[in-house]
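The structure appears right after this line, and notes come after that.
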Protein chains: 2
Amino acid sequence: MSQNNVYTQEEGFSSSSFENFYTHFVQLTAQSGIRTSSKRESLLRALYSCESYLSAEEIYQVLHTEHHIRISLATIYKILTFFENLDVVSTVLTFPHKLKKYKLKRAVHHDHLLCLKCGTITRFYDATLEKIQEEILTTHHFKGTHHTLTLYGFCEKCQDE
Amino acid sequence: MSQNNVYTQEEGFSSSSFENFYTHFVQLTAQSGIRTSSKRESLLRALYSCESYLSAEEIYQVLHTEHHIRISLATIYKILTFFENLDVVSTVLTFPHKLKKYKLKRAVHHDHLLCLKCGTITRFYDATLEKIQEEILTTHHFKGTHHTLTLYGFCEKCQDE
DNA sequence: TTCCCTGCAAAGGATTTGCATACAA
DNA sequence: TTGTATGCAAATCCTTTGCAGGGAA
């Protein structure tokens, strides 16, 4: 699924305004042949304006009552799943009603390579690695929030010297 | 709900055989006017023989195919909810299908009061306290696994001296 | 024009509920 | 006998899916 690697080689969002955020989002997704849509933008905007987790229903309410945007719940679910595949949102399941809630990832996760000689830090992201870590969490009945992984070694330049 | 406090004043299970476990369970529940039933016993036995979490469906399969016990899924759900209220089982929600899974608590949770003078440790359990802690976890989007609470102070005897 | 995006309604799966019956005390 | 426990089927809730129509490139 090509949707999975939109951010692979890219830096995360760190802009403070939604416009910057959205521009960045469009640039990245365009590379994968994904089209823009006003509904997706609205949904991103709703997520962007909220610091905590929102359910599909809550997003539906915000869009309808506050912004008078006509969008179906089914579409909201589709877009949220789409964002999840893009790794743009993180999710949690709530007790006791097992509602799934979504929150925007304002910065894209990445791991680090650190050179023990020159100290250079290189960022990287590997979807498979992330998936395996998720599976390990599941196997051990953990609910993960985040992680950091730093691979220590020597960079190409320092190996040569 | 009187079902909530079956274990309040009691020590946890620590017996190694199911028979001891079940005898203890019956003794405790009988005090609350709860009747015995072969289905509940079967369900407890199934949970007892498994170290990890089981879903209602998995328990259903075990009881039907391995033990040839005729029990409906609805009843399994009812009994599991009953056990949950009794605080006999702990639960988790699994990704991505939001299956609820159940595991037997082999020891009953309790907190501690520790006297700073004589060092006596007194065990206690408070349902409301537990509930509030659950709410705090929910508010902060935490999935709690366990906790320990120790209240430090002076016991009645040491206060007098 | 092409093909992705959206809406609607129906389907889906896990869990709960209502009610009649079975069973423990 | 009395009230609890169970079974069955229908209902419920959140979420997904199929398909036709709408919209971006």
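Below, chains carry the letters A, B, ... as their sequence lines are ordered, and counting in each starts from 1.
- Taking only distance into account, the side chain of Arg35(A) meets the base of dC3(C) through a donor-acceptor pair shorter than 3.5 Å.
- When the P atom of dT21(C) is taken as reference, atom CD1 of Ile71(B) falls 21 Å away, rounded to whole Å.
- Within 4.0 Å of Leu73(B), counting heavy atoms only, lies no atom of the nucleic acid at all.
- Lys98(A) places a side-chain N or O within 3.5 Å of a backbone atom of Lys98(B) that can act as its donor or acceptor partner.
- The side chain of Thr75(A) approaches dT6(C) more closely than any other nucleotide in the set dC23(C), dT6(D), dT6(C).
- Distance alone, capped at 3.5 Å, is enough to place a donor-acceptor pair between the Lys39(B) side chain and the Arg70(B) backbone.
- Between the P atom of dT17(D) and the CG atom of Leu80(A) lies a distance of 14 Å, rounded to the nearest Å.
- Without hydrogens or angle criteria, His64(A) side chain to Ile71(A) main chain gives a donor-acceptor distance under 3.5 Å.
- To the nearest angstrom, C1' of dA14(C) lies 15 Å from CD of Gln61(B).
- Taking only side-chain nitrogens and oxygens, Tyr77(B) comes nearer than 4.0 Å to OP1 or OP2 of dT15(C).
- Nucleotide dA22(C) holds its P atom 19 Å from the CZ atom of Arg40(B), rounded to whole Å.
- Cation-pi check for Arg45(B) over Tyr22(B) is not met; the charged atom does not lie both under 6.0 angstrom from the ring centroid and within 45 degrees of its normal.
- Of the candidates dC8(C), dT15(D), dG7(D), the closest approach to any side-chain atom of Lys98(B) belongs to dT15(D).
- For the pair Ile34(A) CD1 and dC5(C) P, the interatomic distance rounds to 7 Å; values are reported in whole Å.
- When distances are taken from the side chain of Lys78(A) to each of dT16(D), dC8(C), dT15(D), the shortest belongs to dC8(C).
- Within 4.0 Å (heavy atoms only), Thr36(B) reaches sugar-phosphate atoms of the nucleic acid but no base atom.
- When the side-chain nitrogen and oxygen atoms of Ser37(A) are compared with OP1 and OP2 of dT6(C), one or more of them lie within a distance under 4.0 Å.
- No donor-acceptor contact under 3.5 Å links the side chain of Lys39(B) to the base of dG7(D).
- Going from atom CD of Glu58(B) over to atom C1' of dG13(C) covers 15 Å, rounded to whole Å.
- Judged by closest nucleotide on DNA chain C, Ala74(B) is the one of Ala74(B) and Ser38(B) placed further toward the 5' end.
- With DNA chain D read from its 5' end, the first of the two nearest nucleotides for Ile79(B) and Ala56(A) is the one closest to Ile79(B).
- Counting atom types as modelled, Arg70(B) pairs no side-chain N or O with a base atom of dG7(D) as donor and acceptor under 3.5 Å.
- Across the protein-nucleic acid pair, Lys100(B) atom NZ and dC13(D) atom C1' stand 14 Å apart, rounded to whole Å.
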Derivation of the ring pair (Phe, Tyr, Trp, His ring centres under 6.0 Å) call for Tyr48(A) and Phe21(A): CA-CA 9 Å; Tyr48(A) 188 88; Phe21(A) 175 90; 5.2 Å; yes
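- We find that CD of Glu57(B) is positioned 10 Å from C1' of dA14(C), with the value rounded to whole Å.
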